[in-house]
S.K.: 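Before anything else, here's the structure in question.
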Amino acid sequence: MPTSSISPSSVTLMEGSDITLECRTSGTPSPDVNWDLGNLVTSYQQYNLNQHYTTLKMINVSSNDTGKTILCIAENIVGENESSVILVVHFPPKITFLGQAVLDHHWCIPFSARGNPKPKLIWFYEGAVLNETDFIWTSIHIAFDSEHHGCLQLDSPTHLNNGQYTLLAKNEYGTDERTVSAHFMPDPLLGTSSVISNDDDSASPLHHVSNGSNTPSSSEMGSDAVIIGMTKIPVIENPQYFRSTNNMLKSDTFVQHIKRHNIVLKRELGEGAFGKVFLAECYNLCPDQDKILVAVKALKEASENARKDFHREAELLTNLQHEHIVKFYGVCVEGDPLIMVFEYMMHGDLNKFLRAHGPDAVLMADGQNNRLAELTPSQMLHIAQQIAAGMMYLASQHFVHRDLATRNCLVGENLLVKIGDFGMSRDVYSTDYYRVGGHTMLPIRWMPPESIMYRKFTTESDVWSLGVVLWEIFTYGKQPWYQLSNNEVIECITQGRVLQRPRNSPKEVYDLMLGCWQREPHMRLNIKEIHSLLQNLAKASPVYLDILG
Ligand code: AMP
């Protein structure tokens, strides 16, 4: 058996220095020796000094290589053996980004900082050290290797918090600082300006600024709110969404109530984090039919908060009506469990449907040998175009979905596709989500860099996810970046890599995906453009009519 041994066995060095690693091997016959350097950025020279001794000289070591593993692999006909060393590269801090304040569930001044050892972060407000409190605090959202992305979070800042914010990053090798000017609220004494000076995301519902006509009275805002000429945005945490409710949660929303005795359960369809989903018959729902098939979702947990979320969700769903949004019939709240009633989509969720109609379907057919026909590109376009139509509607309602993915779309008869889930499909697809800080589950594989790094969700981040949905459709439901771990995915996306063209995707469709994956949100295609491009492609596809005809 071959053996392999690297020395030194651990390496900590300063950025810019050189190092030579030695690898000694043994074995009969003499093994072939290979270095596996992964995606090392630093340049190197390799010397094979004799059959059992090779060296690797790394020159001007890059800080980007910190945390990377180097392997020395010895292999002969008997077998293989490897030894490894992890590079730890120290370097002074660098603040690579300090952005304009953005409003998510809290105000956030987003930043990215690098440095090893991990830099200490200190904030200054108007030149004086800012003491962090329960209302202003630093939160690191994503940290891998030596990169830290996060926010200075501010809970309900007022005009008194407007001003210059400086971030200082410091470790034993040096310091770096950057300053940004933040403007949260107009000063009430300076007139009635209704504009929050903000960055480029005025399209975000969470940034909706009223023109005065729907300015709330101060009593609506709570007695101590001093807000002039703008709306304080009510947001719902549920638990993944924070939605603008301007036109969603009208106070007069009438949620249909359905009597429990009108619902007859037939069988279980699936289970989400929210609770179980059943196929049921519902009596006396439509005037022209005695009973119809429906899908009912039963709320698993009945805590006070869960009940509140349930009622808000029901109001929201009542106000979302479109041919490509799953139809919401109403609720049943007599006793437990709380139930939501939706139209039944006979082919279930789109991800399962794509897999069942793809090349791997035989493996999934449970030995029943009832292989389904593979989807054609024109059918894929037809599916994509319907989701784009649903998303165009959501955008027109200033609704940011935040979790668009094929697992959250449903398929009915005749390849009818609707956006069908607003945050209830956690459990079955739990590997699609990345857990941060214990509770929050993020669908990182569908998220653009700004959502991963700063939790910024907008209509433009939904467009990015729509690009990923296109990729899912054209790969018959593969998981995006299936070959990578969650941490690797975060690294890839934040470094600007995008998914490869699926084998079945025409060039025009991949160009469309690339248009959704522009790093700068404002450079991405807008949802209307995407919808009309998909419509044109679907029309131009000659087999399209044959198949649906
Ligand atoms: P969810 O909790 O919404 O993710 O639902 C769990 C599973 O139940 C989904 O993956 C679907 O397979 C199924 N399901 C949910 N809603 C419907 C519906 N309206 N019609 C048919 N099946 C559904």
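Since this is a predicted model, take the numbers as computed values, not measurements. Each ligand, and each atom within it, is numbered from 1 in the order the structure gives.
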S.K.: Please tell me whether T138 and E132 have a donor and an acceptor in their side chains that are separated by less than 3.5 angstrom.
M.R.: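 Looking only at side-chain atoms, E132 and T138 do form a donor-acceptor pair, the distance falling under 3.5 Å.
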
S.K.: Which one of V277, L293, V294 has a non-hydrogen atom at the shortest distance from atom 15 (C) of ligand 1?
M.R.: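 Ranked by closest heavy atom to atom 15 (C) of ligand 1, first place is V277.
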
S.K.: Under 4.0 Å from a heavy atom of L269: give me the atoms of ligand 1 that qualify, with their elements.
M.R.: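 Close to L269: 21 (C), 22 (N).
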
S.K.: Any atom of ligand 1 sitting under 4.0 Å from a heavy atom of E343?
M.R.: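 It does; at least one heavy atom falls under 4.0 Å.
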
S.K.: Check for a donor-acceptor pair, side chain of W517 on one end and backbone N or O of R497 on the other, with a separation under 3.5 Å.
M.R.: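 No, because the side chain of W517 does not come within donor-acceptor range (under 3.5 Å) of the backbone of R497.
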
S.K.: For K352, state whether at least one heavy atom is located under 4.0 Å from any atom of ligand 1.
M.R.: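 Checking ligand 1 against K352, which is what was asked, there is a heavy-atom contact under 4.0 Å.
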
S.K.: In ligand 1, which numbered atoms sit nearer than 4.0 Å to a non-hydrogen atom of A295?
M.R.: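 Going through ligand 1 atom by atom, the ones under 4.0 Å from A295 are 17 (C), 18 (C), 19 (N), 20 (N).
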
S.K.: Just by distance, no angles: are the side chains of Q386 and H382 close enough, under 3.5 Å, to form a donor-acceptor pair?
M.R.: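 Yes, H382 and Q386 have a side-chain donor paired with an acceptor closer than 3.5 Å.
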
S.K.: Test of understanding: given a 4.0 Å heavy-atom threshold, classify the contact between L279 and ligand 1 as side chain, backbone, both, or neither.
M.R.: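 Neither part.
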
S.K.: If we only count N/O pairs under 3.5 Å, is Y344 in contact with ligand 1?
M.R.: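 In fact, backbone or side chain, Y344 has no N or O that close.
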
S.K.: Is it true that F97 and Y454 have ring centroids separated by less than 6.0 Å?
M.R.: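 Yes, the ring of F97 comes within the 6.0 Å limit of the ring of Y454, centre to centre.
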
S.K.: When you compare ligand 1 with M345, is there at least one nitrogen or oxygen pair between them that comes in under 3.5 angstrom?
M.R.: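 Among all N and O atoms of M345, at least one is under 3.5 Å from an N or O of ligand 1.
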
S.K.: Strictly under 6.0 Å, is that where the ring centroids of W137 and H106 end up?
M.R.: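 Yes: the rings meet the under 6.0 Å criterion.
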
S.K.: Please report whether ligand 1 has a polar contact with K297, defined as an N or O pair separated by less than 3.5 Å (distance criterion only).
M.R.: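 Yes, there is a polar N/O contact under 3.5 Å.
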
S.K.: Do side-chain atoms of R501 reach the backbone of S505 as a donor and acceptor pair under 3.5 angstrom?
M.R.: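 Flag set: sc R501 to bb S505 pair under 3.5 Å.
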
S.K.: Would you kindly say whether W471 and Q500 are connected by a side-chain donor-acceptor distance under 3.5 Å?
M.R.: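 There is no such pair between these side chains.
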
